[in-house]
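Structure first, then comments.
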Amino acid sequence: MVTLDSAEVIASLDRLIHEPARLVIMMLLYGVESADFIYLKTQTKLTQGNLSSHLGKLEAAGYIGVEKMFEGKIPRTLYQLTETGRECFRDYITSMQGVLNDLTV
Amino acid sequence: MENQAETYGRQAQRYCYDDGFMEIALGVLFTFASLILTAIMALNKPTAIAFGLTAALVLLALSFGASRVVHDLKERITYVRTGFVRPRENSTSVWGEIGTSIAFVLVSLAVVLLIPDQDTAVPIFNGMLMAMTVGYMANRARIARLYVVAALSLASGIAAALTSLPMGLTYMLPYGVAGVALLISGTITLQKYLRENPPEA
């Protein structure tokens with residue numbers, strides 16, 4: 001059963017992170033220092049357009065940062081969680097854990 | 001139980017071994033080192049010293065060159081297929097690494113003190129050295145096949161100490177076994193990687 005408290009927590013969940021594809025991206029970036037687009041695409045199994053759109057939304061919210069660099073002559077764009085992103089992800093996980101602990105079936 | 005974020009972190013840690021290039025390069029270096037060691041043991045002392053010094057420099061240059069080649073191959077083959085990732089620094093393993101190093105020193109001392117016969121002690125020591133080097137890599141990235149290579153190196157060192165092969169051969173055996181084992185496992189890993197990750201059209 002979901003209690004009233006849990007219902008409030010669910011209603012206040014960060015919807016930007018709650019979307020499954022973005023949750024996977026956030027989870028992946030939480031576990032690493034940074035990753036490029038191809039690595040994220042390979043690991044998340046999202047299409048190029050889909051991934052690009054979700055990354056754009058997370059970047060606009062300030063959850064991920066983009067670092068453009070050159071490795072020799074090869075350009076590389078790396079994505080990483082910002083401090084805000086890390087904090088929001090931790091908050092989201094804590095909230096979800098609370099809700100799931102409350103949930104009995 | 002490991003959560004999904006930790007699983008992604010672990011995957012990133014072992015990503016540099018996914019394509020097999022690192023193992024192949026190390027395999028070449030260890031095999032080369034074992035051949036040098038055999039040659040040194042076969043030469044008389046003054047020639048062996050000169051040869052050994054030259055060989056050490058060649059080995060140093062080779063390892064520098066190998067790291068460049070591995071980097072270039074990864075740029076051309078790996079990063080364009082499955083991307084690039086920077087793993088997070090693994091801070092929890094520092095004490096483990098210090099503990100392992102102290103344990104290695106203590107076991108090495110025990111081998112030297114308990115086995116006075118040099119022809120028996122040196123192959124065991126070499127086997128332990130190789131096992132520790134490869135075991136360190138295996139432990140950092142949690143790769144089962146590297147644990148097998150580490151165990152093979154140690155076993156070959158003990159086997160070499162128990163056989164009556166010529167001294168040069170017993171000394172080089174652990175390096176040679178580790179080198180060839182890394183070459184084989186690296187080649188199989190590379191084949192699998194290329195099969196599973198064809199270039200995008």
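Computed from a predicted model, the values in this text were never measured in an experiment.
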Review point. A:Gln43, A:Arg76, A:Lys41, A:Met26: which one forms the most heavy-atom pairs within less than 4.5 Å of chain B?
Key: A:Arg76

Point to revise | B:Tyr79 portion near chain A, given a 4.5 angstrom heavy-atom threshold | key: both

Point to revise | B:Arg86/A:Glu67 salt bridge by N-O under 4.0 Å criterion | key: yes

Practice item. Flag the pair B:Phe84 / B:Glu75 as yes when at least one side-chain heavy-atom distance between them is below 4.5 Å, and no otherwise. Key: no

Practice item. For the pair B:Glu23 and B:Arg145, find out whether any cationic side-chain nitrogen is under 4.0 Å from an anionic carboxylate oxygen. Key: yes

Exercise for review: Give the minimum heavy-atom separation between B:Val80 and A:Ile38, together with the two atoms involved.
Suggested key: O-CD1, 3.9 Å

Check your understanding: With only heavy atoms counted, which part of B:Gln11 is less than 4.5 Å from chain A, the side chain, the backbone, both or neither?
Key -> both

Check your understanding: If you count heavy-atom pairs under 4.5 Å with chain B, which of A:Leu28, A:Ile93, A:Leu29 comes out on top?
Key -> A:Leu28

